[in-house]
Structures are given as C-alpha cells and as structure tokens.
Amino acid sequence: MPELPEVETVARALRDGTPAGAPALVGHVICSAEVLWPRELGNLTPRVFSRRISGTRVQSIGRYGKYLLIGLERPAVEDGNERLTLLIHLKMSGRLDVVPRTQAFTPHARLVWLLDDDLALRFDDARKFGRVWLVGDPAAVIGNLGPDALDVPLGAFTSRLRARRGMLKPVLLDQTFLAGIGNIYADEALHLARLHPRRTVTSLSDADVVRLHDAIQHVLLAGIAANGASFDWVYPGGNFQENFKVYGRTGRPCQTCGEPIQRILVAQRGTHFCPACQPLIG
DNA sequence: GGGCATGTTAGCAC
DNA sequence: TGTGCTAACATGCC
C-alpha cells in the first residue's frame, strides 16, 4: 500500500493508535523479534537483528519519503543510552499492525516483534518485496534520497527540476529527485497540473513548474486527508481511490472535460492521463 | 494461463 | 555522466 500518503497513514497509526482500536507503538518495549522471511532484512542476519533490537523502547515514529523510521532507545548503565533506528519500506504489499500477541498469524507474516503488555508488532507482506533495516544512522539507508515530497519549497523544487532532463514522469518517480511520489500520485499530480507525462522537463515553462509543485502538494495532502488509498486485495484502509481523476480510469470520461482517459506506458509503468487536458505540446 | 499490480535495483546500451 | 531499457525480486488477482 505504499506511496507517501499511505506510509504517512501507517506512521500516524503507529504513533497514535487507530480509531478502530489498534494500540499505539510508541512507548512500548520490544522484547524479542522473530524473522520468518530473512531476505526482508536489509543489513543484518536474523540472529544479530533479534539480539540488537531486543530490550529497546520505541521513542518516536517518523517518515521520510516512503520509508518508516522507528526511533529506538536502549537504556544503558554507563555512557549514554544507545539509539537505533528501525527503517521499514513496505514496497508493494507490506503492512504493519500492532495486535494482541495471541492474534492468529496471517499467511503472509514475515516479521514479528513481541512487545510488552502482551502486544505484538506484525509485518505482513504478501509479495515479499518489503525491507527492514536496523541501523545507528538512518543516512546509511536513506542518505541518497531527494527531499521529502511534502517538504520541498518551490525554489528548491525548481532548481532540482531544472538540473534534470528527460521525460517528466520518470523524474517524478525518481526517489533521488523527490522522495515519496509513486505511480498513482505521479499520474494524479500531472493531471492536476495539466502536464503530459511524456513532456520533457526542459520544455516546462516557469508557470508549468509552479503548477506542478502546487499539484504535487495538493494530491499528497488530499491523499493523507483521506487516510491514503486502498489498493485491491492488499490493503483496506483509506478511501482516496474514490478521488482518483485518472489512475485506473482508462476509457472513462475525464471529470474536467469529458474526454476518455488514456493509458500508455511511460518508463515501463502504466500511465493514465487525459489527452485533452494534458496535451503533449504545452 | 497470460497479463497486470501501489516499488526498487543491477546491469547494460547509448 | 545521465538517461532509459530490461530483468529480477515474489505473489496473487482478474
């Protein structure tokens, strides 16, 4: 379920709990970890991972782009407390839930952390693309990402964009350009900005760049306000999919002009746009 | 059974 | 060096 708004929704649930009654993760002690699919560990063996994380307390929940950052602290008798960060990327199908320890496993459970108070943090991931790292410095994992897509002023956005060439949509999907935009929100932002996904970056006017920056902020914030989008069988959660203007609407009328939405391939990704609202020649 | 899927990366060509 | 293509990761739904 993973683009920036969906990951932000997960982060908020882990920070505050959910209206449905799921407990918050912050403040709990991690007693132990069980790795059911070792390939999802990005930098440690299951044995080392379990040993290093056991006994830490969850201090904070953050998000950078599509990554979750869980701040951990281990009380120390001498020196300062040891600080660690658990980074999680949900990739295509990952999900995280705080549940009672006794709750039955799903068929797709990949990692389980046992918490105090008879709770557990579960990482389920049907497609096994998800990744989990435990590090001292998060930069070791996310240091090469561009600025978070919701935390980039127009000036920085413009200068970064003007340094690039090639087609617009692949640039938006490049996490070293901006972190957090995925296939769905890229299509939605381009439609709102009235820009064809195959427009070259170098062809954009200053006004185009301003509209694009505004559109990115708008669709991401709208996605967060809707608790993200729910995708097929993988993730039931938010309802932003009801507000999609182009994604998944191939052949249906554009809500702005009535023209049928088209689907093409751009950088090998399914791409949805309105040929009338988003002409290739701007 | 083929085609598709919210994501990223390595390897390769130009 | 940057851009962009393919395959790979692995599974499940239509």
(message) To the nearest 0.5 Å, what is the distance between OG1 on A:Thr106 and CZ on A:Arg122?
(response) 7.5 Å
(message) Using whole Å, what does the distance between atom P of nucleotide B:dT8 and atom CG of A:Leu172 come to?
(response) 13 Å
(message) Please pick, from C:dG4, B:dT8, B:dA5, the nucleotide with the shortest atom-to-atom distance to any side-chain atom of A:Lys66.
(response) B:dT8
(request) Please measure how far the P atom in B:dT8 lies from the corresponding atom in C:dT1, and state the result in whole Å. (result) 24 Å
(message) Using whole Å, what does the distance between atom C1' of nucleotide B:dA5 and atom CD1 of A:Ile184 come to?
(response) 9 Å
(message) So, OP1 or OP2 of B:dT8: does either fall under 4.0 Å of a side-chain N or O from A:His89?
(response) yes
(message) Determine whether the aromatic ring centres of residues A:Phe240 and A:Tyr185 are separated by less than 6.0 angstrom.
(response) yes
(request) Round to the nearest Å and state the distance from A:Arg110 atom CZ to C:dG12 atom P. (result) 8 Å
(request) Both distances under 3.5 Å, Watson-Crick or G-U wobble: report the partner of C:dA10, or none. (result) none
(request) Quickly work out the A:Glu6 CD to B:dG7 P distance and round it to whole Å. (result) 9 Å
(message) Is a donor from one side chain sitting under 3.5 angstrom from an acceptor on the other, for A:His108 and A:Asp125?
(response) no
(request) Round to a whole Å and report the spacing from CZ of A:Arg131 to P of C:dC9. (result) 11 Å
(message) At 4.0 Å (heavy atoms only), tell me whether A:Arg39 reaches a base, stays on the sugar-phosphate, or touches nothing.
(response) sugar-phosphate
(message) So A:Tyr247, base contact, sugar-phosphate only, or nothing? Heavy-atom distance under 4.0 Å.
(response) sugar-phosphate
(request) To the nearest 0.5 angstrom, please state how far the CZ atom of A:Arg74 sits from the CD1 atom of A:Ile30. (result) 10.0 Å
(request) Give the minimum heavy-atom separation between A:Val171 and A:Phe177, together with the two atoms involved. (result) O-CD2, 3.4 Å
(request) Calculate the interatomic distance between A:Met92 atom CE and C:dT11 atom P; express it in whole Å. (result) 14 Å
(request) By nearest nucleotide on DNA chain C, pick out whichever of A:Arg165 and A:Gln268 is the more 5' one. (result) A:Arg165
(message) Centroid distance below 5.5 Å plus an interplanar angle below 30 degrees: do A:Phe129 and C:dA10 meet both conditions?
(response) no
(message) Rounding to an integer number of Å, can you tell me how far A:Lys128 NZ sits from C:dA8 C1'?
(response) 15 Å
(message) Just the rounded figure in Å: distance from C1' of B:dT8 to CG of A:Asp174.
(response) 11 Å
(request) Pick base, sugar-phosphate or nothing for A:Arg263, based on heavy-atom distances below 4.0 Å to the nucleic acid. (result) sugar-phosphate
